[in-house]
Amino acid sequence: MSPLARQVLAGLAGAAGGLLAAKVIFRPDVTFQEPPASAGIAKPVLPTRAAQILAFGQPSATVPSPLVYRNHVLEYDSARRVPKWVAEHLTKDMVKQQVANRKGVNFSPDPLIPTQFTSTNQDYWGSGWSRGHMAPAGNNKHCQDSMRDTFYLTNVVPQDIDNNGNYWNRLEIWVRGLTEQYQDVWVVSGPLWLPQDNKEIIAATAVDDSKPVDDSLKTTVKSEIGSKVESSESEHKQIRKVRPPRPSPKTVSYQVLGPNNVAVPTHLYKVVLVSDPMLDRPLLGAFVVPNIPVGNQHLSEFKVELGEVEKGVGVTFHPELDRKMVGDLCIQSGCNMQDYKEFQQFFWTRRLKSPWNLRNLERDWAEAMKKGVVNSELELVYNESKARLEEKELMKVEEKAVGAPAA
DNA sequence: CGGGATGAGGAT
DNA sequence: ATCCTCATCCCG
């Protein structure tokens with residue numbers, strides 16, 4: 001043992017106490033061996049050395065992988081307090097059932113995660129970010145217990161609330177709908193932290209260097225993918241004349257929430273794989289959506305190569321899938337999600353169906369008109385609710401009229 | 001469908 | 001005194 005190593009171990013012994021030090025110093029299998037000088041069959045000399053380097057044990061995962069639940073499987077990111085990926089398998093029978101709902105189910109810390117690495121509801125409360133399911137609750141209506149599993153915070157990432165309820169929600173509904181056409185649907189969802197667009201950073205610094213950091217972030221935090229639609233090539237060329245690009249000024253930056261520093265992803269991804277007896281090969285689509293409000297863009301706008309998602313997540317998806325034998329889901333199916341206006345009928349119907357009183361009903365109806373989501377079906381719901389409420393209020397008046405003289 | 005904010009009441 | 005659950009009301 002070299003003097004230096006001895007010194008280090010002595011220092012450790014002083015810090016950790018004699019028992020621990022004795023265990024290490026006198027372990028015969030941790031002694032260093034000189035590599036063989038002669039070239040021959042490789043001896044396991046490196047593992048022995050590695051054992052000494054890792055004398056106190058190899059840094060280990062804090063949580064098993066994968067974590068298995070009733071109807072989804074995931075890998076947890078203990079550093080960011082969110083999942084790395086969440087995998088599901090959907091079928092028509094499973095998605096069609098309606099035995100479970102969200103009532104009485106709340107988000108909660110996952111008991112499988114040590115407190116040191118968990119996130120809590122407090123991290124999200126008042127943060128400005130919503131708790132976005134990766135395995136959606138709506139994919140688990142067939143079983144209340146499996147739906148409850150999806151409310152563990154291991155299945156949740158901080159998500160822009162408009163994105164969550166609108167675009168991402170429509171994407172999830174579209175994926176569920178794929179079970180109508182294809183026998184098996186496999187979905188993997190998760191968060192991404194992508195660097196800011198190179199060119200946009202250059203643009204921001206070129207326009208005005210004295211700009212406060214927050215202002216430049218507002219214009220540059222948009223994703224490589226999300227902003228591709230909006231930015232024009234000519235703008236970039238013009239700016240490049242003003243100032244040549246700096247070498248690769250890319251940065252990944254993200255907000256963290258609450259006492260546990262839950263990481264807010266810049267993007268969310270979804271990898272969709274379908275198979276069916278009617279298909280000669282499985283079909284795959286990979287999508288990356290920026291974690292900001294997204295309007296009516298076609299899903300194809302967010303389609304990416306699977307390899308791009310893998311580079312961002314650091315994993316290989318479906319490693320046993322023969323990629324040469326996989327077709328393009330968007331080419332085959334069109335990737336036509338529900339339009340936003342069409343989608344709004346869902347909650348506007350519900351709102352007009354169960355109003356608290358006439359005043360609320362009239363207010364909601366006026367708002368629905370204003371937003372242009374009214375159709376004949378919605379008008380029918382409105383008229384039925386109105387008639388029902390008016391009758392109810394009439395009953396009340398009659399009851400009072402009958403009861404009053406007696407008193 | 002997807003979410004949040006608030007306050008009352010109960011448990012610790 | 002503080003946390004947690006639940007009911008209620010709200011949003012897109």
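Chain identifiers are assigned alphabetically (A, B, ...) following the order of the sequence lines, protein sequences preceding nucleic acid strands; residue numbering begins at 1 within each chain.
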ask   = Under the 3.5 angstrom rule, does the side chain of A:W129 hit a backbone N or O of A:V157 as a donor-acceptor pair?
value = no
task = Using atom CG of A:N291 as one end and atom P of B:dG2 as the other, report the distance to the nearest whole Å.
result = 17 Å
query = Taking the six-membered ring for Trp, does A:W168 stack with B:dG2 (centroid gap under 5.5 Å, planes within less than 30°)?
reply = no
request  = Measure from the side-chain heavy atoms of A:E367 and tell me the nearest of B:dC1, C:dG12, C:dC6.
outcome  = C:dG12
message = Closest-nucleotide mapping onto DNA chain B: is A:N169 or A:G126 further toward the 5' terminus? I mean the 5' end.
response = A:N169
query = Going by atom types alone, do A:D110 and A:Y69 pair a side-chain donor with an acceptor below 3.5 Å?
reply = yes
key: Length of the line joining A:F151:CZ and B:dG2:P, which is rounded to integer Å   = 8 Å
Length of the line joining A:D162:CG and B:dC1:C1', which is rounded to integer Å = 14 Å
inquiry  = Is it the case that the base of B:dG3 and the side chain of A:R102 share a donor-acceptor contact (distance under 3.5 Å, atom types as modelled)?
reply    = no
message = Tell me whether the side-chain N/O atoms of A:H133 come closer than 4.0 Å to OP1 or OP2 in B:dG3.
response = yes
ask   = Hey, does A:Y340 reach any base, or is it just sugar-phosphate, or nothing, if we go heavy atoms under 4.0 Å?
value = sugar-phosphate
ask   = Between A:R350 and B:dC1, does any side-chain N or O lie under 4.0 Å from OP1 or OP2?
value = no
task = Find the distance A:I161:CD1 to C:dC10:C1' and express it as a whole number of Å.
result = 11 Å
key: Candidate nucleotides B:dG2, B:dG4, C:dG12, ranked by approach to the side chain of A:E172 - the nearest   = B:dG2
Any A:Q122 side-chain N or O less than 4.0 Å from OP1/OP2 of C:dC4 = yes
ask   = Taking the side chain of A:N164 as its heavy atoms from C-beta onward, which of C:dC4, C:dG12, B:dG2 lies nearest to it?
value = B:dG2
query = How long is the line joining CE of A:M337 and P of B:dC1, in whole Å?
reply = 18 Å
message = Can you tell me which nucleotide in B:dG3, B:dC1, C:dC10 comes closest to the side chain of A:F347?
response = B:dC1
request  = Check the distance between B:dG3's P and A:K103's NZ and give it to me in whole angstrom.
outcome  = 16 Å
Note, A:N166 side chain near A:F343 side chain (heavy atom, < 4.5 Å) = yes
note = Separation of C:dC11 atom C1' from A:W129 atom CH2, nearest Å, is 18 Å
request  = Let me know the distance between CH2 of A:W125 and C1' of B:dG7, rounded to the nearest Å.
outcome  = 13 Å
task = Kindly say whether A:V262 contributes a backbone atom to a donor-acceptor pair with the side chain of A:N260 at under 3.5 angstrom?
result = no
query = With distance as the sole criterion, is a donor-acceptor pair present between the side chains of A:D149 and A:H72 under 3.5 Å?
reply = no
inquiry  = If you only use heavy atoms from C-beta on, which nucleotide in C:dC6, B:dG2, B:dC1 is closest to the side chain of A:A137?
reply    = B:dG2
ask   = Which part of the nucleic acid, if any, lies within reach of A:G132 when heavy atoms closer than 4.0 Å are counted: base, sugar-phosphate only, or nothing?
value = sugar-phosphate
message = Below the 4.0 Å mark, does C:dC11 have OP1 or OP2 next to a side-chain nitrogen or oxygen of A:R363?
response = yes
remark   = Correct closest heavy-atom pair for A:H298 and A:N336 would be NE2-OD1, 2.8 Å
Listed nucleotide nearest any side-chain atom of A:F107, set B:dG2, B:dG4, B:dC1 = B:dG4
